[in-house]
Amino acid sequence: MQLVSDKILKTQASSSWIRRMFEAGIEMKKQYGADNVYDFSLGSPDLRPPATVIETLRSMADAVDVPAGLGYMPNAGYPAAREALAKWASHEQGVPIPAGNIVITVGAAGGLNCLFKATLEPGDEVVCPAPYFVEYGSYCGNFGGLLKAVPSAPGTFKLNLDGIEAAITDRTRILLINSPNNPAGVVYTRGELDALAEILRRKNQSRTRPIILVSDEPYRFLAFDGKVVPSILPCYEYSVVCSSFSKNLGLAGERVGYLAVNPAMGDDEAAQLTAGLILTNRTIGYVNAPCIGQKLIIGAVERMDETLAAQSAQLAVYEERRRVMASILDEAGIEYQMPAGTFYFFPKAPHGMDDVAFVRKLAAERILAVPGSGFGYAGYFRIAVCVGKDIIERSRGGFVAAAK
Ligand code: PLP
C-alpha cells in the first residue's frame with residue numbers, strides 16, 4: 001500500500017543515487033575501517049566551532065534557567081539576535097542593513113523555503129545558473145515553483161548572461177544565485193553581478209512584478225587568496241541575501257540562518273516582503289529559529305573580532321586542504337578549475353567519461369565523490385574537502401589509479 005504521495009515517491013526515485021551513495025559509504029567504512037575510506041561526499045564542516053560560540057554555550061545554562069527561558073519568541077527571532085545579525089550582515093555585505101530587515105531562519109535552507117513560499121505563485125519560475133545546490137528544485141517545488149537551470153560556461157562556470165536573459169519569461173519570479181558556489185567553487189565578479197542587475201532592470205520595465213534577485217551565501221567567508229565576495233545589495237534594489245552559520249562558523253546542526261531584505265527596494269516594499277517572510281517562517285511550521293543557536297550568534301557577534309579571527313583560522317585549514325587536493329588532481333591528470341571559494345572541487349570526469357561511471361571507478365578505490373549530474377551539470381564530479389589533510393593525502397594513489 002502506498003502511504004506517501006506520488007510527488008514524494010517521484011522525488012525519492014530521482015534522488016535514490018544520493019541514498020545509495022551514502023549507504024555505500026557506510027558499508028565501505030564498516031568493511032575497510034573509517035580511516036581507509038576517503039569520504040569526499042559530504043559538505044559538512046569537520047572543524048571545531050569558534051571559542052566564542054563554545055564559551056557562550058557554556059555560560060548559557062544559568063541565563064536560560066528562568067521562566068520561558070527556552071520558550072517561544074517572535075517569529076522573526078529574538079530582537080537582540082536580529083540586531084546582532086544586522087551587525088554581522090552589514091559587516092559581510094559592506095552596506096548598512098537595519099535589524100528590521102532581518103528575519104532569522106532555520107538555516108539557509110529554511111530561509112529559501114520561507115522566501116519561496118512568500119513570493120511564488122504556482123507555476124512561477126526560479127531561474128538559476130547550473131551547477132546548483134541539489135535541493136533547490138525541491139525547495140521551489142514545495143510551493144509550486146519550477147526551477148529553470150541555465151548552464152554556466154564549461155570549465156570556468158562564469159555566468160551565462162545571454163542564457164539567463166533568454167530563460168527569463170513572464171513567469172520568472174526569482175533569479176537565484178549562489179556565490180561562492182556549491183559545487184563549482186566559483187565566485188561571481190562585481191562585473192557579472194552588475195550585468196545581471198542590468199538584465200533584470202531591463203526585464204522589469206515591461207512587468208508588473210519585479211524579478212527578485214536572491215543571493216544564497218552560506219559559503220561567503222570561504223573565499224581564498226584574500227578575495228572579497230561582491231555583495232548584490234548595492235547592484236540591484238529588489239534583492240535578498242540568504243545566509244547561515246552552517247559553513248561560516250561550522251554550526252550546520254544548530255540550524256541558524258537569516259534573510260536580509262535590501263532596504264533600497266523602498267520602505268513599503270521591504271516592510272511588505274519582511275512581513276511575508278516572518279509569516280511564512282511561522283506558517284511553514286518552523287515558528288522560529290532555534291533559541292540556543294540564536295543566543296550563540298549573539299555571543300559570537302558581541303565578540304566579533306575574536307569570531308572573525310576564528311573564521312580566518314578555519315579558512316587557513318581549508319586553504320591548505322585545497323592545496324593538497326589540487327596537487328593530487330594535477331598528479332592524476334584530472335582537469336579542474338582552482339576553486340576561488342567553498343570547500344569543494346568540481347573537476348571534469350577524465351577522458352570524457354560519464355560522471356556517474358567515473359564516480360563508480362573512484363568508489364572502487366574507496367574514494368567517495370558526487371556525480372555532477374546531481375547538480376544539474378553532467379560530465380563533472382564534486383569533491384568536498386571536509387576531511388583531514390592526512391586522509392586527503394592518502395587518497396592520492398586512488399585518484400591516480402582511477403584516472404588512468
Ligand atoms: N545553500 C547551499 C548552496 C548549500 O550548499 C547549503 C548546504 O549545503 C544550503 C543552502 C543549506 O544550508 P543550511 O545548512 O544553512 O540550511
Side-chain angles (χ1 to χ4, degrees), residues 15 18 21-22 40-47 49 53 77 81 85 88-89 92 102-117 126 128-140 142 147 149 152 157 159 174-188 213-223 229 232 240-260 277 280-281 284-286 288-290 293-294 296-297 300 318 339-346 369-370 372 374-377 382-386:
S15 61
I18 301 182
M21 199 184 66
F22 291 138
F40 301 117
S41 63
L42 273 182
S44 180
D46 59 318
L47 304 179
V53 169
L85 275 172
W88 180 268
E92 278 203 338
I102 301 281
V103 180
I104 307 181
T105 58
V106 180
L112 290 173
N113 276 276
C114 289
L115 190 67
F116 292 155
K117 184 166 174 66
V126 175
C128 153
Y132 54 83
F133 175 46
V134 69
E135 305 291 8
Y136 283 166
S138 300
Y139 297 168
C140 297
N142 287 342
L147 189 73
S152 297
F157 307 106
L159 290 176
I174 289 177
L175 182 68
L176 172 62
I177 59 170
N178 162 227
S179 171
N181 181 270
N182 172 13
V186 67
V187 172
Y188 303 134
L213 177 57
V214 178
S215 184
D216 179 27
E217 308 187 346
Y219 301 91
R220 171 173 272 275
F221 106 97
L222 270 167
V229 179
I232 60 161
V240 179
V241 170
C242 174
S243 194
S244 75
F245 296 90
S246 298
K247 326 281 171 173
N248 280 343
L249 294 180
L251 308 182
E254 194 38 43
R255 314 304 304 134
V256 180
Y258 62 90
L259 293 163
L277 298 172
T280 53
N281 206 19
I284 292 176
Y286 296 132
N288 54 248
Q294 292 190 50
L296 295 180
I297 297 307
Y318 288 122
T342 73
F343 34 57
Y344 304 115
F345 279 76
F346 199 56
V370 187
F375 303 95
Y377 213 91
R382 190 189 78 171
I383 299 166
V385 288
C386 296

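Both ligands and their constituent atoms are indexed starting at 1 by order of listing.
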Record the part of [X] in heavy-atom contact with ligand 1 below 4.0 Å; permitted values are side chain, backbone, both and neither.
X: Phe245; result: neither
X: Tyr136; result: side chain
X: Arg255; result: side chain

Hey, can you tell me if Tyr136 and Tyr132 have their rings parallel, tilted or perpendicular (30° and 60° cut-offs)?
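Ring orientation of Tyr136 relative to Tyr132: parallel.
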Exercise. Would you call the rings of Tyr318 and Phe343 parallel, tilted or perpendicular if under 30° counts as parallel and over 60° as perpendicular?
Worked result: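 Ring orientation, 0 to 90° scale: tilted.
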Mark up the atoms of ligand 1 that fall under 4.0 Å of a heavy atom belonging to [X], in ascending order.
X: Gly107; value: 15 (O), 16 (O)
X: Tyr219; value: 3 (C), 4 (C), 5 (O), 8 (O)
X: Asn178; value: 3 (C)
X: Pro218; value: 1 (N), 2 (C), 10 (C)

Identify the closest protein heavy atom to [atom]: which residue and atom is it, and at what distance?
atom: atom 13 (P) of ligand 1; answer: Ser246 OG, 3.3 Å
atom: atom 12 (O) of ligand 1; answer: Ala108 CB, 3.8 Å
atom: atom 11 (C) of ligand 1; answer: Ala109 N, 3.8 Å
atom: atom 8 (O) of ligand 1; answer: Lys247 NZ, 2.9 Å
atom: atom 2 (C) of ligand 1; answer: Asp216 OD2, 3.3 Å

Judged by atom type as modelled, is there a donor-acceptor pair below 3.5 Å linking the side chain of [X] to the main-chain atoms of [Y]?
X: Asn248; Y: Gly250; answer: no
X: Thr105; Y: Gly107; answer: yes
X: Arg220; Y: Glu92; answer: yes
X: Glu217; Y: Val241; answer: no
X: Ser215; Y: Ile232; answer: no

Option of least heavy-atom distance to atom 4 (C) of ligand 1 (set: Phe133, Tyr132, Tyr344):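 The option holding the nearest heavy atom is Phe133.
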- Query: At what distance, to the nearest 0.5 angstrom, does SG of Cys242 lie from CD1 of Ile177?
  - Reply: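 Interatomic distance, Cys242 SG to Ile177 CD1, rounded to 0.5 Å: 12.0 Å.
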- Residues in ring-ring contact (aromatic ring centres under 6.0 Å, His included) with Tyr139, at least two apart?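 Tyr139 satisfies ring-ring contact (aromatic ring centres under 6.0 Å, His included) with no other residue.
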